[in-house]
Amino acid sequence: MQEVGFSYLSELNEKQRQAVEHIHGPVMVIAGPGSGKTRVLTYRIAHLINSGIAPWNILTLTFTNKAAREMKERIEKVVGQRANRMWAGTFHSIFARILRVEAHLIGYPNDFTIYDTDDSKSLIREITKTLGLDPKVYNNGAVRSRISGAKSNLITPKLYAENDDLMSLDRMNRRPMTYKIYEKYAARCKRAGAMDFDDLLLQMFRLLYENPNDVRTKYQMQFQYLLVDEFQDTNFLQFEILKLLTEYEGSQQNICIVGDDAQSIYSFRGATIENILQFENSYMNVATYKLEQNYRSTQSIVEAANSLIKFNKNQIQKKIWTDRLDGDKIKLIKVMTDSEEGRRVADGILEQKNRYHLANKEIAILYRTNGQSRIFEEWLRKYNIAYRIYGGTSFYQRKEVKDCIAYMRLTINPKDDEALKRVINYPRRGIGKTTIEQLIQIADDNNVSIWDCLTTIQFNGRAKQKLGKFVQLIQAMQQHAQAENAYKAALFIVRQSGIIDLLKADNSIEGKGRVENVTSLLDGIQEFVEDDEIVADEAIPVDKSMASFLQTISLMTDQDENKDNIDTVTMMSVHAAKGLEYKSVFVVGLEENLFPSFMALSSPDQIDEERRLFYVAITRAEQYLTLSYANSRYQYGNMRFNDPSRFLEELPESSMDNTVLKKSPSAGFGEPKIIGNFARKPAKAPVLQIDPSTFVATAMNKIKEGDNVLHLKFGKGEVLSIDERFVASIRFEQLNANAEKRIMLQYAKLQVLD
DNA sequence: GGGGGCTATGGGGGG
DNA sequence: CATAGCCCCC
């Protein structure tokens with residue numbers, strides 16, 4: 001066992017220490033904001049490992065992949081590299097990884113496609129049409145969320161049709177045939193070898209449930225210790241899977257859940273606060289620990305949060321407190337228009353940067369809806385403040401990027417009908433609507449995928465030749481994907497499909513942006529292929545296939561695109577800010593109909609959720625909290641007038657800064673112009689002082705322990721050890737002295753120095 | 001089969 | 001306002 005450099009137990013308060021040391025049996029930790037929840041989780045895992053539990057017997061389910069990665073890095077500092085053999089990730093990514101090995105047992109290909117929300121909706125639309133239903137009544141978004149809700153509650157299409165409550169609600173909404181769409185939708189996904197996000201959970205459940213003797217036992221034995229973060233945002237199905245993993249003859253039920261009912265903000269996607277409330281009833285002898293001391297925020301902020309959350313009906317009783325009496329009171333910016341709000345917030349940021357010497361990355365602007373980002377973007381650009389927007393229409397949702405990805409999906413899984421429909425006639429190759437509709441019909445009649453139709457049925461006339469050429473194109477792509485790495489295969493796809501030529505023909509600014517986006521996608525794949533650093537589990541062979549790339553990008557969360565080393569102001573939705581903290585936070589758009597959202601106004605439960613969301617927003621702030629609202633703003637083309645948010649009145653007078661703000665110092669800027677639609681690329685790795693032209697990579701068999709090496713990304717370092725799989729542990733000068741990077745020599749960009 | 005232009009409609013949060 | 005879907009015309 002590796003010597004521990006310091007005693008982690010001494011870094012914990014009494015309650016935290018108890019939660020860390022209680023390693024056997026079910027444990028529930030109720031953790032208020034900033035109460036050291038992450039610290040408890042990481043030290044608990046470190047403690048498990050130091051107690052002799054094998055890392056690969058530990059499964060940690062987090063809310064983002066980034067959170068999992070950071071947790072591993074922190075644990076590594078305490079117990080050393082073996083920490084990397086533990087399993088940690090989101091529910092979706094861990095289950096996807098397991099299903100990639102086991103899916104054939106439940107009738108899916110191991111190379112299954114993951115359907116995103118758009119794929120699901122377009123499939124639902126198609127089914128609605130073939131059933132002869134009115135697509136306006138059967139709104140695909142509404143139907144999708146019904147199906148999603150059913151799946152999240154383990155309701156099969158058959159059970160759905162037998163469920164009076166569900167059926168009568170559908171009748172009330174004039175959508176009585178929803179159950180039929182659900183049935184067809186499930187069959188079509190299966191036929192396409194595709195899983196939607198809910199399926200990653202549902203099929204994982206099926207896998208365990210239907211294979212009780214072998215597979216279920218295997219994973220029960222594997223995951224002896226379970227930790228679940230943000231438990232308040234799990235749904236019924238997720239809890240059922242956890243139960244399957246922990247409930248068996250002789251189980252010690254070593255499950256530790258961490259959460260805060262006051263921060264439950266995902267009921268719209270099926271999360272139920274019931275899970276946290278029912279946990280104590282689901283297991284025998286649950287030990288509960290409440291973490292109530294807030295180490296993050298100052299008095300004003302904690303007081304405001306406490307006062308606010310009291311307006312909610314139901315909650316687990318707790319008293320959040322802080323001993324940080326320093327810090328400013330909460331400022332409120334009141335303005336007439338949304339544009340003015342943008343300017344005043346930018347002013348505020350500039351002022352804080354000057355007065356308190358804040359770095360950009362210590363500041364965040366949080367909003368209720370992603371659409372609000374544009375105005376702040378304009379003003380920050382005007383003020384030359386570097387910013388980064390998370391979420392919203394992300395890079396991978398851009399049309400040109402999705403088109404390329406659809407070809408890749410089709411190459412990996414030709415049964416993927418949604419991908420096929422997207423590209424069969426893009427770029428144009430003379431396969432028209434009629435032909436495609438016929439194809440869909442034939443596929444449906446024979447209950448096979450469209451691809452199977454294309455390759456088995458003889459067509460006549462014009463269509464025959466055109467369809468034949470398309471099949472040949474995809475087959476050529478498949479051959480390249482087999483023979484070459486993901487980058488080269490992607491390059492072939494982008495060129496041979498004709499996409500890149502088509503985009504290059506458009507010389508407008510937008511057109512150039514699209515070409516740039518495709519280039520960025522290719523760069524991203526190359527980076528994926530060439531990356532020599534191991535960040536995931538050592539136990540699992542590194543998979544650099546195109547299928548692996550596709551899985552990675554479809555399960556990325558908004559926070560996962562974060563590159564910490566870039567000094568930018570963060571802009572994101574409050575939902576996306578969950579779990580994060582900033583020295584200074586601006587929560588903007590505090591108006592009725594916006595925050596709380598107009599969608600929530602009719603239901604007290606939904607207002608409570610909006611309030612919890614606001615609670616999450618203000619508790620992200622460590623030291624400076626600024627709130628703002630505008631009397632009027634443009635929404636969907638119209639000027640709207642809204643009252644200040646009711647939540648503002650729920651904050652205590654004593655926390656608020658009531659001094660009248662001086663007129664903004666920068667009133668000379670005038671109204672911002674709307675600047676063109678710039679392509680937003682994923683952030684590149686930071687620039688290093690290494691000259692690539694003099695860099696010569698050393699062959700892997702020439703690198704040995706004790707060598708001083710130069711790495712293109714991490715700079716100078718020393719090779720500490722090399723294991724049997726040619727993974728080198730290297731300590732880099734410019735990184736934290738405790739952090740060792742594990743570099744795969746097979747892909748390494750290392751130069752041995754004399 | 002392809003393209004252009006018009007209209008209706010949505011309108012939130014995300015793995 | 002943005003966009004999807006539709007109709008109509010070539």
Side-chain angles (χ1 to χ4, degrees), chain A residues 61-65 89-96 114-122 125-126 128-129 134-137 139-142 144-145 148 151-152 195-202 230 233-235 237-238 264-271 366-372 374 390-394 396-397 399 425-438 461-463 466 551-560 572-578 589 593-601 606 609-610 612-614 616-617 633-640 674 677:
Chain A
L61 296 163
T62 54
F63 204 69
T64 67
N65 294 306
T90 62
F91 276 88
H92 290 87
S93 65
I94 293 283
F95 294 168
I114 297 172
Y115 273 180
D116 66 16
T117 310
D118 288 341
D119 295 317
S120 298
K121 282 187 187 169
S122 106
R125 175 169 296 272
E126 187 204 303
T128 307
K129 268 198 286 191
D134 182 353
K136 282 179 193 127
V137 177
N139 171 296
N140 55 26
R144 195 201 72 92
S145 80
S148 172
K151 286 183 173 181
S152 308
M195 297 194 200
D196 64 17
F197 291 128
D198 301 307
D199 278 327
L200 293 175
L201 309 176
L202 181 60
E230 310 280 11
D233 285 324
T234 55
N235 63 32
L237 173 53
Q238 286 167 316
S264 158
I265 55 174
Y266 279 95
S267 75
F268 71 90
R269 67 177 203 214
L366 307 181
Y367 33 74
R368 179 65 181 83
T369 67
N370 284 307
Q372 289 163 255
R374 213 202 66 215
Y390 295 88
T393 310
S394 84
Y396 294 103
Q397 284 166 351
K399 183 189 176 300
N425 196 34
Y426 180 83
R428 297 232 147 71
R429 47 178 71 91
I431 301 171
K433 216 165 52 182
T434 322
T435 310
I436 294 171
E437 268 166 20
Q438 282 171 359
R462 226 156 76 103
K466 302 236 157 108
Q551 180 180 307
T552 306
I553 60 170
S554 44
L555 296 178
M556 250 179 20
T557 65
D558 282 336
Q559 287 182 20
D560 293 333
M572 53 169 58
S573 69
V574 182
H575 280 94
K578 177 183 164 116
N593 298 313
L594 185 61
F595 202 170
S597 160
F598 69 99
M599 307 280 283
L601 295 181
Q606 287 191 53
E609 178 146 323
E610 296 284 311
R612 290 193 293 270
L613 190 59
F614 186 46
V616 168
R633 72 173 61 238
Y634 275 97
Q635 277 175 300
Y636 316 114
N638 300 311
M639 173 91 88
R640 302 285 181 99
I674 298 169
N677 192 10

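Sequence lines set the chain letters: A, B, ... in the order given, protein chains first and strands last, and positions in each chain run from 1.
Look at A:Thr435 and you'll find a side-chain N or O under 4.0 angstrom from OP1 or OP2 of B:dG1. Contact check, A:Asn370 against B:dG13: a side-chain N or O comes under 4.0 Å of OP1 or OP2. The side chain of A:Ser597 places no N or O atom within less than 4.0 Å of a non-bridging phosphate oxygen (OP1 or OP2) of B:dG13. The phosphate of B:dG12 (OP1 or OP2) has no side-chain N or O of A:Thr369 nearer than 4.0 angstrom. OP1 or OP2 of B:dG15 has not a single side-chain nitrogen or oxygen of A:Asn65 nearer than 4.0 Å.
Using a 4.0 Å heavy-atom cutoff across all strands shown, A:Arg368 reaches at least one base atom of the nucleic acid. Across all strands shown, A:Asn425 has heavy atoms under 4.0 Å from sugar-phosphate atoms exclusively, and none from any base.
For DNA chain C, the contact window with chain A, defined by any atom under 4.0 Å from a protein heavy atom, covers C:dC1 to C:dG5 in 5' to 3' order.
Of the two residues near DNA chain B, A:Lys136 and A:Leu555, the one whose nearest nucleotide lies more 5' is A:Lys136. Between A:Lys121 and A:Tyr266, it is A:Lys121 whose nearest contact on DNA chain B lies nearer the 5' terminus.
Taking a cutoff of 4.0 Å between a charged side-chain nitrogen and a carboxylate oxygen, A:Asp196 and A:Arg144 do not qualify as a salt bridge. Here A:Arg612 pairs with A:Glu609 in a salt bridge; the nearest charged N to carboxylate O distance falls below 4.0 Å.
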> Reading DNA chain B 5' to 3', how would its secondary structure be written in dot-bracket notation, given Watson-Crick and G-U pairs with both distances under 3.5 Å, brackets [ ] for crossing pairs and | for partners on other strands?
Replying inline: ||||||||||.....
> What's the verdict on side-chain contact (heavy atoms from CB on, under 4.5 Å) for A:Asn593 and A:Gln635, showing C-alpha distance, side-chain angles and the deciding distance?
Replying inline: CA-CA 11 Å; A:Asn593 298 313; A:Gln635 277 175 300; 5.8 Å; no
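With centroids closer than 5.5 Å and planes inclined by less than 30 degrees as the test, A:Phe268 and the base of B:dG13 pass as a stacked pair.
A:Thr128 has its side chain out of reach of A:Asn140: every pair of non-hydrogen atoms, C-beta onward, lies at least 4.5 Å apart. In this structure the side chain of A:Glu230 never reaches within 4.5 angstrom of the side chain of A:Tyr266, judged on heavy atoms. In this structure, the side chains of A:Arg640 and A:Phe598 stay at 4.5 Å or more apart for every pair of heavy atoms.
In this model, no side-chain donor or acceptor of A:Gln372 finds a partner on the base of B:dG12 within 3.5 Å. Side-chain N/O atoms of A:Arg269 and base N/O atoms of B:dG15 include no donor-acceptor pair closer than 3.5 Å.
Every side chain to side chain contact (heavy atoms under 4.5 Å, CB included) that A:Asn139 has, sequence neighbours left out, goes to A:Ala142, A:Arg175.
Which of B:dT9, B:dG10, B:dG2 sits closest to the side chain of A:Asn139 comes down to B:dG10. Comparing atom distances between the A:Glu610 side chain and each of B:dT9, B:dG12, B:dG14 picks out B:dG12 as nearest. Side-chain atoms of A:Met599 lie closest to B:dG12 of the nucleotides B:dG12, B:dG2, B:dG15. Of the listed nucleotides (B:dG10, B:dG12, B:dG15), B:dG15 has the atom at the smallest distance from the side chain of A:His92.
A:Ser152 and A:Asp198 get closest at one heavy-atom pair: OG-OD1, 3.8 Å.
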